[in-house]
Amino acid sequence: MSREGSQWGARLTIAKRELATLKSEKTIVLALVIQLFVAAFSSFLVVGLVSLYDPSGAEGQTVRVGVSGEQRHDLAAIANQQEGVRPIIYESGETARQGYRNHAVDAVMIANQRSDGRITVETIAPDSGVESTLVVVSLQETLMEYESYERDQRSAYLDQQPLGVPDVPSENPYYGFTYTVLVPLLVLLPVFISGSLAVDAVTEELERGTLELLAVAPVELREIVDGKLLAAAGLAPVQAALWLVLLSANGTPIANAPALLAIAGALSLAVVSMGIALALVTADRRQAQFLYSFGILTIAGATTLLPEHPLNTIAKLAIGSPAQTTWVAVAGYLCIGLAALVGVQFAVARVDVDRLLGSA
């Protein structure tokens, strides 16, 4: 067998060894099981999760709103037309506030007309708790409808007709949640887990002294790193592919699956390369994991400066409506992954093995 063939054989052997030890990593296995559960039962979970993403999509929830003030009857009539809102009229603002303090209502709206003809609505809502988001969203929709009603009532007194407001298209919260939250989560989460797995794989070899045994064998450090990188980076696109298949089986069509897997593979290469580099530099598991986590948070913050956020790129690809910037972003991620791979190869070639083993 040629030297090149034996090198690839060593890399594959180390990669298989890394994958075989995954079952002992309880945290990693638990994370994989959770992802599998989410992907396999997405059609059921999305019904509950969408109520957190968009509380207005939750059915069967009624918000009791105490309505008072001079304009209470008009406001109550509008609130009564909103799904999930039940207005309760109070004769005075103080009795409405008292009802809120006694938990007779979930929120209060007091509508009064000022001397200049404008209408102000004082709103009282809970600032914390599980029901807070649902109450605030319901009040927001009610106030927007009330504003539209008052504008229509006063349109006859306008000197000139303002621009018409375009019709708001009907939204499907389940559709939005699936493609903007669930799909990006299942594509990117395996990437972050792979990077953490790579950090542990290298630092544990150093701490246990097993890297020294590998170093005295006819295996170079570069082959050891390549084998670990192959196992960790290859795991992410395989997981992403499985999750996308399960989503499709649950009735969620996924477009441009090869491009999504390319993003997962490229980002996995970049993140795993970063994790391995940090592990080799620090030779300490806690420190390397801390730096890795801090690096991921820094990179996540830096992505907000991009012309198109990675989450938007994944969502557009999955929906099937990618723009030109979307394909440019995909090409950019591929370049980043290849650059990170070349960079870690360049760095490993210059690592002093004796110093590395001595520091461990």
Side-chain angles (χ1 to χ4, degrees), residues 38 41-114 116-154 165-185 304 309 311-312 315:
V38 171
F41 299 96
S42 58
S43 59
F44 300 98
L45 293 176
V46 74
V47 177
L49 293 175
V50 77
S51 63
L52 301 176
Y53 168 75
D54 183 4
S56 62
E59 299 179 356
Q61 298 294 329
T62 301
V63 177
R64 298 165 302 170
V65 181
V67 182
S68 182
E70 300 171 354
Q71 307 295 320
R72 58 183 179 273
H73 295 291
D74 289 342
L75 181 56
I78 297 299
N80 197 43
Q81 298 174 5
Q82 306 305 307
E83 184 177 358
V85 177
R86 182 164 67 90
I88 300 175
I89 297 179
Y90 288 89
E91 295 301 322
S92 67
E94 182 56 36
T95 55
R97 294 186 183 93
Q98 185 63 36
Y100 176 76
R101 288 191 290 266
N102 295 335
H103 304 288
V105 292
D106 302 310
V108 171
M109 292 191 295
I110 304 174
N112 290 306
Q113 186 169 0
R114 302 192 312 186
D116 59 0
R118 297 184 180 182
I119 296 176
T120 60
V121 180
E122 178 186 353
T123 304
I124 303 174
D127 58 355
S128 61
V130 178
E131 76 283 359
S132 176
T133 304
L134 178 61
V135 171
V136 170
V137 170
S138 300
L139 293 180
Q140 182 182 21
E141 294 177 351
T142 301
L143 290 174
M144 291 176 64
E145 290 296 326
Y146 183 57
E147 180 184 12
S148 298
Y149 167 78
E150 288 295 336
R151 287 182 181 274
D152 291 338
Q153 294 297 312
R154 298 164 186 251
V165 179
D167 295 333
V168 179
S170 59
E171 297 181 357
N172 188 338
Y174 302 100
Y175 183 86
F177 174 82
T178 299
Y179 288 102
T180 62
V181 178
L182 188 59
V183 173
L185 174 69
T304 59
H309 196 278
L311 298 180
N312 294 336

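- The closest donor-acceptor contact from the side chain of Arg114 to the backbone of Thr120 lies at 3.5 Å or more, if one exists at all.
- With rounding to the nearest 0.5 angstrom, the OG1 atom of Thr62 is 13.0 Å from the CD atom of Gln82.
- Salt bridge status for Arg97 with Glu122: present, with a side-chain N to carboxylate O gap under 4.0 Å.
- Within the model, atoms OG1 of Thr304 and CG of Leu311 stand 11.0 Å from one another, a figure rounded to the nearest 0.5 Å.
- Taking both residues in full, the closest heavy atoms of Ala107 and Leu139 are given as CB-CD1, 3.7 Å, listed atom of the first, atom of the second, then distance.
- When all heavy atoms are compared, the tightest approach of His103 to Arg64 is O-NH2, 3.5 Å.
- Shortest non-hydrogen contact noted between Ala104 and Ile88 is O-CD1, 4.4 Å.
- The two residues Val135 and Ala125 come nearest to each other via the heavy atoms CG1-CB, 4.1 Å.
- Residues Thr123 and Leu143 have side chains in contact (heavy-atom distance under 4.5 Å, counting atoms from C-beta outward).
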**Item:** Check against side-chain hydrogen bond (donor to acceptor under 3.5 Å, both in side chains), Tyr149 and Glu145
**Value:** CA-CA 6 Å; Tyr149 167 78; Glu145 290 296 326; over 6 Å; no
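- The backbone N or O of Gly69 sits nowhere less than 3.5 Å from a side-chain atom of Asn112 that would complete a donor-acceptor pair.
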**Prompt:** Can Val121 and Leu75 be said to form a side-chain contact (heavy atoms from CB on, under 4.5 Å), step by step?
**Reply:** CA-CA 9 Å; Val121 180; Leu75 181 56; 4.3 Å; yes
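- In this structure a side-chain-to-backbone donor-acceptor pair under 3.5 Å is present from Asn102 to Gln98.
- At distances below 3.5 Å, not a single donor-acceptor pair connects side-chain atoms of Thr95 with backbone N or O atoms of Tyr90.
- Checking side-chain atoms of Asp106 against main-chain N and O of Val63 turns up no donor-acceptor pair under 3.5 Å.
- Note that the OG atom of Ser92 and the CZ atom of Arg72 stand 8.5 Å from one another [nearest 0.5 Å].
- Rounding to the nearest 0.5 Å places CD1 of Ile78 at 10.5 Å from CE of Met109.
- Counting heavy atoms from C-beta on, the side chains of Arg86 and Val65 never come closer than 4.5 Å.
- Arg101 has a carboxylate O that lies under 4.0 Å from a charged side-chain N of Glu94, or vice versa, which qualifies the two as a salt bridge.
- What you find for Val85 and Ser138 is that their closest heavy atoms are CG2-CB, 3.9 Å.
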